[in-house]
Amino acid sequence: MRFSEIFIPTLREAPAEAEAVSHVLMLRAGYVRQLASGLYIYLPLAQKVMQRINKIIREEMDAIGAQEITMPALHPADIWQKTGRWSAIGDEMFRLKDRGKREMCLGMTHEEIVTWLASMEISSYRNLPQIWYQIQSKFRDEERPKSGILRTREFTMKDSYSFDRDEKGLEENYQKHARAYHNIFNRCGLKFYQVESDPGMMGGAGAHEFMAPSPVGEDTVVLCRECGYSANTELARSTPHAHHIEEEWKLEDISTPQKRTVTEVSGFLKINPQFFIKSLLLIGTDGPFLALVRGDQELHEKKLHKLVGDFRAAEKAEIKEILGVEAGFIGPYGNTLKKIADISLKEGVYIAGANKEGFHTKGINPHIHFDAEWHDIHTAKEGDRCHKCGTEIQVEKMIEIGNIFKLGTKYSEPLNAVYLDENGKEVPIIMGSYGIGPARIAAAAVEQNHDKDGIIWPQSIAPYDVEVIPLNIDDADVKSTAEILYTALKESGIEALLDDRDARPGIKFKDADLIGIPWQVIIGKKTLQEGFVELKSRRTKETEKIAPPDVAEKIRELLVN
RNA sequence: CGGGGCGUGGCGCAGCCCGGUAGCGCGCCUGCUUUGGGAGCAGGAUGCCGGAGGUUCGAAUCCUCUCGCCCCGACCA
């Protein structure tokens, strides 16, 4: 393609609204433009990148036997009503009515639709297993779209769905997807991790996320370099590092006037927060109970929710009523409330509220002074130890680029997607659902591959393989060499962008670096008189002199590796 | 849903407090010169100052309402 014939509106300065590096660069390099909050237009270069990403996705999906289909983006409400998600999902779903006043929505995902299809068409175990996938638009009325194309209200997603007779089949298809995803993200040149994740409202038995490390990521992931444990902090387990005090603490109430929070009391007594018990009075479905975590830890509400179901924080008046003292002085010692304590409190001696206005109790020994159910209910953080091998864990921000879910029968049961087994017995289909965000692959690739001058695309998903840059097209030799090389490259099956603009060298260099095509062939008058052109790596900026006839061959070699 | 910020030529911004002819840089157009890292000179075009009301002789500027966008937190199927 010729630069003069492709629309690449580069910007010298970054628009003020962009914050994330990938957003700034994709705007500046002329890849995308914003239509409205969370709605983006993909310009020609971005379109090329997306096509290359989607090609890789299709190849790997096809390789595991997945079959591409296309489902509507516009859905009738009744199917969503049958699974309960019509009401379970709130404002995040775009809803509308058709001319007949029938309720409709724009699909946020396609479990309902694909399960409806399965319920209509699959009747026998002979029809199973199946994997169906599509690359389709999804709509989510995000409360806060952000970071350019990372979190938008309309986006394309590769979503696939597996249908099996039993758990064993599901497990096979789940692992097939995991392998396909590894191939896809590796081929796209991303650094990524497969981590355990919370199935959330997708429901079901198990889930993993594929995460690309980046400071603009919205998820936090716990990693153990030693044993490989990796999990989203929304469920990650860890063992907070145990601390021991030298001196013996005897059980005593100490005066802590007006000191309520752990930070205040810890500062007042000059004792580290890890020797405190943070006591939270919560109201569950069976009444009030205390949740206890170590002073330097945070309660993980999702973990607690899994243990006890719905709960809420007690109000001020309730605390006074139940414990006879105001928040800030409550503690586990000296009451018979049900207690759920974090495992980090199992050992050691602690200070906690004395359930007495203005006092804390020092010397509380968990096994002697109170009973509790022991669980991991803290939020894993940097410095904690791996719960599997004891190594210090690391915590990193990451972009979610894909996920895989074991759904089980969550959708097949309500939508009556069943098959008859060999015995003529009706059995619900076991399902899995698997997503990839192609735009997030692109954004993550830019986040992970850029420098001060612009984007550095991984070869496989770059909009073009090579950019040919004649520095002065007024020079007949330079111009004709560029044309000859451009043609030769094309004939070798290499996708080339020829900067045929009548522009100064500086502009061409700057634009080329911004756009980020991995190889540049620079044709300058002086070097050409010596019989050479230059081949430059966008990433390393290293330059090699090559005779023009050898260029196509050399680049083909580079692309293979 | 809480908190903060911003809307002025295509882009980045100043002007707003203290009301009085709408400015700067970049980009764009024309000509000449230039050509290895965003050129120089000369000339030129482009603004319902987000929108609606109000105050005033007069509003980009003051007041009220509204719409949009961004950031932090919460949420995220």
Side-chain angles (χ1 to χ4, degrees), chain A residues 9-20 23-24 27-30 33-40 80 83-94 105-112 138-148 150-153 155 157 159 197-204 207 209 216-220 232 234 301-302 399-400 403 405 407 410-411 433-435 437 452-454 469-475 478-479 499 501-515 520 522-530 532-534 536 541 543 545:
Chain A
T10 60
L11 301 170
R12 185 189 288 248
E13 288 172 287
E17 69 266 15
E19 186 81 2
H23 189 195
V24 170
L27 283 170
R28 281 195 57 205
R33 287 296 184 262
Q34 186 184 39
L35 171 66
S37 179
L39 297 175
Y40 281 83
W80 287 80
T83 62
R85 290 166 111 194
W86 180 263
S87 50
I89 295 168
D91 291 339
E92 209 174 326
M93 185 186 275
F94 281 105
C105 66
L106 297 178
M108 308 176 61
T109 174
H110 283 76
E111 279 81 12
E112 274 77 1
K138 300 281 186 272
F139 298 85
R140 295 183 188 175
D141 194 357
E142 294 283 351
E143 217 155 341
R144 188 151 99 75
K146 61 184 286 197
S147 305
L150 261 183
R151 189 169 202 81
T152 54
R153 296 194 291 175
F155 57 98
M157 183 169 163
D159 47 323
S197 70
D198 185 349
M201 283 192 64
M202 290 290 273
E209 287 164 335
V216 300
E218 298 178 274
D219 287 274
T220 309
N232 196 310
E234 66 191 14
E301 296 190 4
K302 272 191 182 170
I399 297 168
E400 182 186 350
N403 53 41
F405 290 99
L407 296 176
K410 183 180 160 87
Y411 298 94
S433 123
Y434 317 88
K452 63 175 173 47
D453 296 315
I469 308 173
L471 292 181
N472 182 350
I473 58 163
D474 289 340
D475 185 283
V478 168
K479 187 176 180 184
D499 192 346
R501 295 176 298 172
D502 182 13
R504 300 174 59 78
I507 290 173
K508 294 189 175 187
F509 284 131
K510 289 289 182 191
D511 275 349
D513 287 351
L514 239 195
I515 290 166
Q520 302 171 357
I522 298 160
I523 304 159
K525 195 173 172 181
K526 274 186 195 161
T527 322
L528 191 59
Q529 279 166 356
E530 297 164 14
F532 296 107
V533 296
E534 288 159 288
K536 185 172 178 183
K541 307 249 168 152
T543 299
K545 284 187 184 177

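By convention in this document, chain letters (A, B, ...) are assigned in the order of the sequence lines, proteins followed by strands, and residues within each chain are numbered from 1.
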If you look only at distance, which donor and acceptor atoms sit under 3.5 Å apart when one is on a side chain in residues 10-17 of chain A and the other is two or more places apart or in another chain?
residue : atom : partner : partner atom : Å
A:T10   : OG1  : A:D511  : OD1          : 3.1

* Looking only at non-hydrogen atoms, find the nearest pair between A:P145 and A:G38 and report the distance. => CB-CA, 3.6 Å

* Asked: On a whole-Å scale, what distance lies between the C1' atoms belonging to B:C18 and B:C62?
  -> 11 Å

* To do: Treat primed atoms plus P, OP1 and OP2 as sugar-phosphate and everything else as base, then score nucleotides 31-37 of chain B 5' to 3': B for base contact with protein heavy atoms under 4.0 Å, S for sugar-phosphate contact only, - for none.
  => ---BBBB

* Between A:H110 and A:K138, a side-chain donor and acceptor under 3.5 Å -> yes

* **Watson-Crick or G-U wobble partner of B:G2, both distances under 3.5 Å** => B:C72

* **Residues that A:K541 engages under salt bridge (charged side-chain N to carboxylate O under 4.0 Å, His left out), provided they are two or more places apart** => A:D453, A:D513

* Asked: For B:C57, which nucleotide in any strand shown is its Watson-Crick or wobble partner with both distances under 3.5 Å?
  -> B:G20

* If you measure from the P atom in B:A59 to the same atom in B:G50, how many Å do you get, rounded? -> 15 Å

* To do: Taking atom P in both B:G44 and B:G51, compute the distance separating them and give it to the nearest angstrom.
  => 29 Å

* Asked: B:C17 and B:U33: how far apart are their P atoms, nearest whole angstrom?
  -> 50 Å

* Sticking with atom C1', work out how far B:C32 lies from B:C69, rounded to a whole angstrom. => 44 Å

* What is the base-pairing partner of B:G7, counting Watson-Crick and G-U wobble geometry with both distances under 3.5 Å? -> B:C67

* Asked: Among all residues two or more places apart in sequence or in another chain, which pass the side-chain hydrogen bond (donor to acceptor under 3.5 Å, both in side chains) test with A:Q529?
  -> none

* How does each nucleotide of nucleotides 65-75 of chain B score, in 5' to 3' order, for protein heavy atoms under 4.0 Å: base (B), sugar-phosphate only (S), or none (-)? -> ----SSBB-B-

* Structure fact -> Hits for side chain to side chain contact (heavy atoms under 4.5 Å, CB included) against A:E19, two or more places apart or cross-chain, chain-then-number order -> none

* **Partners passing salt bridge (charged side-chain N to carboxylate O under 4.0 Å, His left out) against A:E209 (at least two apart in sequence or in another chain)** => none

* Nearest-Å distance once atom P is located in both B:U55 and B:C70 -> 35 Å

* For A:K302, all residues meeting side-chain hydrogen bond (donor to acceptor under 3.5 Å, both in side chains), sequence neighbours excluded -> none

Pull out every protein N or O sitting under 3.5 Å from an N or O of nucleotides 45-52 of chain B, one pair per line with the distance.
none

* To do: Sequence neighbours left out, what passes salt bridge (charged side-chain N to carboxylate O under 4.0 Å, His left out) with A:R153? Give chain and number order.
  => A:D141

Which atoms of nucleotides 22-29 of chain B (N or O only) lie under 3.5 Å from a protein N or O atom, and what are those distances?
residue : atom : partner : partner atom : Å
B:G25   : N2   : A:E13   : OE1          : 3.0
B:C26   : O3'  : A:R12   : NH2          : 3.4
B:C26   : O2'  : A:R12   : NE           : 3.0
B:G27   : OP1  : A:R12   : NH2          : 3.3

* To do: Between B:G47 and B:C11, how far apart are the C1' atoms? Round to whole Å, please.
  => 15 Å

* Flag side-chain contact, heavy atom, 4.5 Å: A:M108 against A:R85 -> no

* To do: Applying salt bridge (charged side-chain N to carboxylate O under 4.0 Å, His left out), run through A:K410 and A:E111 and close with a yes or a no.
  => CA-CA 10 Å; A:K410 183 180 160 87; A:E111 279 81 12; over 6 Å; no

* For B:G27, give its Watson-Crick or G-U wobble partner with both distances under 3.5 Å, or none. => none

* Asked: Would a distance-only check, ignoring hydrogens and angles, find a side-chain to backbone donor-acceptor pair under 3.5 Å from A:R33 to A:L27?
  -> yes

* Pick the P atom in B:C6 and in B:A14, then give their distance to the nearest Å. => 10 Å

* Partners meeting salt bridge (charged side-chain N to carboxylate O under 4.0 Å, His left out) with A:K536 (sequence neighbours left out) -> none

* Asked: Which part of the nucleic acid, if any, lies within contact of A:R28, taking any heavy atom under 4.0 Å across all strands shown: a base, the sugar-phosphate backbone alone, or nothing?
  -> base

* Asked: Which value, rounded to the nearest 0.5 Å, describes the distance between A:Y40 atom OH and A:L150 atom CG?
  -> 9.5 Å

* Expected output: side-chain A:N403 to main-chain A:G435 donor-acceptor under 3.5 Å -> yes

* Nearest-nucleotide 5' precedence on RNA chain B, A:G90 against A:A14 -> A:A14

* Asked: Considering every strand shown, what is the Watson-Crick or G-U wobble mate of B:A14 when both distances are under 3.5 Å?
  -> none

